[in-house]
Amino acid sequence: MHITAGLIHALPFQERRVFNCEEAASYVGVSPGHFKKLVEDGAMPAPLAFLGRVRRWDKAALNKVLDMASGTTSSTGNVAGAYEAWSSSRG
């Protein structure tokens, strides 16, 4: 008898704190190949290393980059002030 166990995530994708490369790419809306290029270029954060070679991207770090790109937060993390500035600039 041969038993094979698949990878089981305790939490749904949206509720997890860290993502693998494919999940991180999907989260930010690009292909895995393009995501890897963005990481190499420094436009996306580098992965965290777990248990040696396991690489995972932190959801909070991805959110910070996306927030900065959209203008809804500042480099100091002042989300409310940055949102107000963004909102007032749009009329």
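Numbers here are sequence positions counted from 1. Below, all heavy atoms of this structure are taken into account, side chains as well, without hydrogens, waters or symmetry copies. Bear in mind the structure is a predicted one, so any value in this text is a computation, not a measurement.
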Undergrad: Looking at CH2 of Trp57 and CZ of Arg17, how far apart are the two atoms once the value is rounded to the nearest 0.5 Å?
TA: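 So the CH2 of Trp57 and the CZ of Arg17 are separated by 15.5 Å.
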Undergrad: The criterion is side chain to side chain donor-acceptor pair (under 3.5 Å); which residues satisfy it with Lys36, sequence neighbours excluded?
TA: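 Applying side chain to side chain donor-acceptor pair (under 3.5 Å) to Lys36 gives none.
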Undergrad: For residues Leu62 and Ala24, report the shortest heavy-atom separation together with the two atoms involved.
TA: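 Looking at all heavy atoms of both residues, the shortest contact is CD1-CB, 3.9 Å.
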Undergrad: Short question: side chain of Ser26, backbone of Glu22 - any donor-acceptor pair under 3.5 Å?
TA: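 No, Ser26 side chain to Glu22 backbone: no donor-acceptor pair under 3.5 Å.
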Undergrad: Can you find a pair of side-chain heavy atoms, one from Pro45 and one from Asp58, that are under 4.5 Å apart?
TA: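 With C-beta onward as the side chain, the pair stays apart.
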Undergrad: If you measure from SG on Cys21 to CZ on Phe35, what distance do you get to the nearest 0.5 Å?
TA: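 It comes to 6.0 Å.
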Undergrad: State the CG-NE2 distance between Asp41 and His34, to the nearest 0.5 angstrom.
TA: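 NE2 of His34 is found 8.5 Å from CG of Asp41.
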Undergrad: Considering only heavy atoms from C-beta outward, does the side chain of Met44 approach that of Val65 to under 4.5 Å?
TA: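 A side-chain contact under 4.5 Å exists here.
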Undergrad: Is the shortest distance from a Lys or Arg side-chain nitrogen in Glu23 or Arg56 to a carboxylate oxygen in the other one below 4.0 Å?
TA: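 Answer for the salt bridge query: no.
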Undergrad: Could you pull out all residues at least two apart from Tyr27 that satisfy ring-ring contact (aromatic ring centres under 6.0 Å, His included)?
TA: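 Phe19.
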